[in-house]
There are 2 protein chains.
Amino acid sequence: MANGNGPKAATIEMVAAEAGVSKTTVSFVLNNNPTISSATRERVLQAIAKLGYHPNVHARNLSSQKSRTVCVLVPEIGRIFEDPYFARAIGGVYDEIEAAEYNLILKKTSFQFAREKEYLNLFRRAEIGGMLYIGSTLDDDYLKDFVSTHHPFVLVNSYLPEIPIPCVIADNVKMGYSATKHLIDLGHQRIGHVRGSTNTVTAMDRCEGYKKALAEAGIVFDASLVADGHYSRNESASAARKLLELPVRPTAIYACNDIMAMGVQDALKTSGLRRISDCAVVGSDNIEMSRFTHPPLTTVNMPIYEISRAAVRLLFDLMEGKLPNGSAKQVMDTYLVVRESCGAKHQPRRRADGWTRSSDASVGGRTKK
Amino acid sequence: MANGNGPKAATIEMVAAEAGVSKTTVSFVLNNNPTISSATRERVLQAIAKLGYHPNVHARNLSSQKSRTVCVLVPEIGRIFEDPYFARAIGGVYDEIEAAEYNLILKKTSFQFAREKEYLNLFRRAEIGGMLYIGSTLDDDYLKDFVSTHHPFVLVNSYLPEIPIPCVIADNVKMGYSATKHLIDLGHQRIGHVRGSTNTVTAMDRCEGYKKALAEAGIVFDASLVADGHYSRNESASAARKLLELPVRPTAIYACNDIMAMGVQDALKTSGLRRISDCAVVGSDNIEMSRFTHPPLTTVNMPIYEISRAAVRLLFDLMEGKLPNGSAKQVMDTYLVVRESCGAKHQPRRRADGWTRSSDASVGGRTKK
DNA sequence: ATATTCTACTTAATCGGTTTAGTAAATCAG
DNA sequence: CTGATTTACTAAACCGATTAAGTAGAATAT
């Protein structure tokens, strides 16, 4: 093994020798054990600095039988990473994990996570101390097995009805509601919906919000106005075309996310409906690209980056046993971002963040803790 | 620490007991040591299967002083992960690492990797056995320090002139060349170029290819026809606008990548140049989105997924000391994908892959090993 | 003055593997 | 038939940390 040269990294033993104390004392300093006098602590810290010492993770994890490594599960890498949603989510997870000086390892489920329960070995072998799952679906009901093992496990922006797994999610019902409400407020009565995949909480909840807004306005829900876009731009374009060919076509369409809304916009162009007044479009998520569509897309912001960071913090709490009772569920708020795809006037924006630019207008609540 | 319940994972000792042999024998079986008789090997393998045993990575890495973990460096997560280029690259790296039963840990450089040389500790502590760097720039010249340490390190689709670091790259010069040649073949004489960031090999080499094609056709290079787009869609739109406002405007533009080509298309739309004959556009990379632009983008395919996989295999070779002499450089081939953004007739496609659809036409070589 | 408790450490066992050195039995050479 | 080599294993040291148990010496209680 050509493992290279360079001086060997310092070990705890070398630090101990340098500081004139035992290994144990160094370990105590490292782990903030309070029984060490401040004079000794200072001497040890100086030795650590002098030698540029960093504890060996493998040794640490092996002997302590706990791991400072967190595993992040995603359905797929490559294709799915291109999705700005996953990209931002993983970015948030990374930042929070890095700040805590933990390590992140990445695993993909290839849509059949845990079928063999092999994943439990990662915990049993103390390879990892906790696990996050981004992009779980309603099909993942075998996750209920996790509940009984009590291994630290958190769902990012998803949950399983009736199964108490800790999670951090956006208020997806509200997202569908505020998008649809916006269209209703603009005078639309016949509003189509291009839905996401029916095996995701996100799609079902947003659709629920869509229905809720209709009901509240006294508009009768018409199932023929809902078409499935399966989170695909292409399929959403087809779905939109189907809606536009109805005897009485919708004057507005709410798409389950921004990528799908872009598909709807594609369909409008090929249908010759080029004016905004021909058909209004609202998306969801507020991905960066949504500012660049023609016309710029009105959408509902989802704080996926913040959701992911919160999910990691929740995971850490679980790992440290800080959370007494079984399941914890945190809900993050969302807000409407008004651009041009519905023909609404721009309204003054209420908050600034990475996505919202001066040309955007946002309406709605703040993130609640 | 609420580390959960469930039976403890099997250890090597339990396997040894089950098979009636020593720990050493089990270890030898695990590591394909040839001195074990096939009868004993079989017995051990059965015990392993029966107990569902998987070796503890921490113990393994600690005692062997080598690591089955590979670190993947990227400039940024979140924003940059949205880039289909990085997404595909990481996907390739993951697949190859997973197939070898290694682990992948992710680190971001935040554009200041190695400034403190802290990264070397990852090797010294045997936390990782190798490192890949996706998205390095020409500014990363401190990487030359790596050469002397002989730590297994591979650049993915980048290299540093004059500094012998192992790498796997696309033939970027050829990419720029074939894109520009295509435009020349279609009769264009005044061809603009929206260049990527000048601190990347990719941008400089593609620009080199652009110049080469011009020279070969006897067209004098005109520096005023080159504008920088910095890998940003927005900035590329501005750059294109600048080119279109020239006294004698270009009739075609080659953009350094597809995202930038989309920026050029944005600019064309706002300039009222809506017909393809007004200004042809060629991109590079062949990201999935390039099929969906209006009009669909002619581009040059870059096999970034294959490049990443090859980079991991190269890294493994380095880790196993299979590569005798210093630096290895592998070049992967590219090919033109003709769509509609230049008004060229579709040509029969020559190969099929994940990106190329029946509506695409591709021209050019195959990937060479 | 003596017993007891604290404080600030250290010794030694341990985690689960790998690896060096060693050994008994089987095979081979002469 | 005897000594040398080969084959197929094992014992024990080791990797670099954590941690339970132990121990001087100082402080406090009686």
Side-chain angles (χ1 to χ4, degrees), chain A residues 1 3 8-44 47-48 51-69 101 103 121-127 129, chain B residues 1 3 8-44 47-48 51-69 101 103 121-127 129:
Chain A
M1 188 96 167
N3 231 349
K8 267 281 185 184
T11 68
I12 198 172
E13 201 122 28
M14 296 162 68
V15 173
E18 174 74 28
V21 296
S22 72
K23 290 197 306 181
T24 306
T25 302
V26 177
S27 176
F28 282 172
V29 169
L30 248 37
N31 296 286
N32 297 312
N33 184 313
T35 68
I36 303 295
S37 73
S38 56
T40 306
R41 169 182 307 276
E42 201 47 49
R43 215 149 24 95
V44 170
I48 287 174
L51 299 179
Y53 168 75
H54 293 261
N56 179 309
V57 239
H58 299 308
R60 180 175 258 198
N61 290 346
L62 176 60
S63 83
S64 68
Q65 296 288 78
K66 37 185 109 141
S67 174
R68 293 177 76 86
T69 295
E101 296 196 306
N103 274 325
N121 282 315
L122 289 172
F123 282 110
R124 294 208 188 107
R125 274 175 271 143
E127 268 185 53
Chain B
M1 188 96 165
N3 231 349
K8 267 282 186 183
T11 68
I12 199 172
E13 202 122 23
M14 295 162 69
V15 173
E18 174 74 28
V21 296
S22 71
K23 289 198 306 181
T24 309
T25 302
V26 178
S27 176
F28 283 171
V29 170
L30 249 36
N31 295 286
N32 297 313
N33 185 312
T35 68
I36 302 296
S37 72
S38 56
T40 305
R41 169 182 307 275
E42 201 49 49
R43 215 148 26 94
V44 170
I48 287 174
L51 300 180
Y53 168 75
H54 292 261
N56 179 310
V57 240
H58 298 308
R60 182 175 253 196
N61 291 345
L62 175 61
S63 81
S64 68
Q65 297 288 79
K66 37 185 110 145
S67 174
R68 293 176 75 86
T69 296
E101 296 196 305
N103 274 326
N121 282 316
L122 289 172
F123 281 110
R124 295 209 187 105
R125 272 175 273 142
E127 264 186 55

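None of the values given here were measured: they were computed from a predicted structure.
Taking every heavy atom of residues 24-34 of chain A and every atom of DNA chain D, pairs under 4.0 Å involve A/T24, A/S27, A/F28, A/N31, by number. Near DNA chain D, meaning a heavy atom under 4.0 Å from it, residues 14-23 of chain B has B/V21, B/S22 in order of number.
Relative to the axis of its first five pairs, the axis of the last five pairs of the helix from C/dA1-D/dT30 to C/dG30-D/dC1 sits at 40°, rounded to 10 degrees.
Closest-nucleotide positions on DNA chain D for B/S64 and B/S38 were compared, and the one nearer the 5' end corresponds to B/S38. Each of B/R41 and A/A59 lies near DNA chain D, and the nucleotide nearest B/R41 is the one positioned closer to the 5' end.
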Below 3.5 Å, can you tabulate the donor-acceptor pairs from side chains in residues 10-18 of chain A to any protein atom, sequence neighbours excluded?
residue	atom	partner	partner atom	Å
A/T11	OG1	A/E13	N	3.3
A/T11	OG1	A/M14	N	3.3
A/E18	OE2	A/K50	NZ	3.0

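For the pair A/N31 and A/R60, the minimum side-chain heavy-atom distance is below 4.5 Å. Between A/V44 and A/R41, the closest side-chain pair of non-hydrogen atoms is not below 4.5 Å. Here the side chains of B/L30 and B/Y53 are in contact, with some heavy-atom distance below 4.5 Å.
In terms of modelled atom types and a separation under 3.5 Å, the side chain of B/S67 and the main chain of B/N61 share no donor-acceptor contact. Side-chain N or O atoms of A/R125 include none that pairs as donor or acceptor with a backbone N or O of B/N56 at under 3.5 Å.
Between the CG atom of A/L62 and the P atom of D/dG16 there is a distance of 12 Å, given to the nearest Å. Residue A/H58 contributes atom NE2, which lies 14 Å from atom P of D/dT18 at whole-angstrom precision. In this structure, the CZ atom of B/R43 is 13 Å from the P atom of D/dA8, given to the nearest Å. In this structure, the CZ atom of A/R60 is 9 Å from the P atom of D/dA17, given to the nearest Å. Rounded to a whole Å, the NE2 atom of A/H54 is 16 Å from the C1' atom of D/dA17. The distance between atom CG of B/N56 and atom P of D/dC15, rounded to the nearest whole Å, is 18 Å.
Put simply, A/Q65 has no side-chain N or O that comes within less than 4.0 Å of OP1 or OP2 on D/dA17.
Residue B/I36 is in sugar-phosphate contact alone, with no base atom involved, counting any heavy-atom pair closer than 4.0 Å across all strands shown.
Within the structure, no pair that satisfies the salt bridge (Lys or Arg N to Asp or Glu O under 4.0 Å) test touches residues 23-39 of chain A, not counting sequence neighbours.
Contact footprint of chain A on DNA chain C: nucleotides with an atom under 4.0 Å from a non-hydrogen protein atom, first to last in 5' to 3' order, C/dA8 to C/dG16.
Closest heavy-atom contact between A/T40 and A/I36: CB-CG2, 4.0 Å.
With hydrogens and angles left out, the side-chain atoms of A/T25 and A/S22 include a donor and acceptor closer than 3.5 Å.
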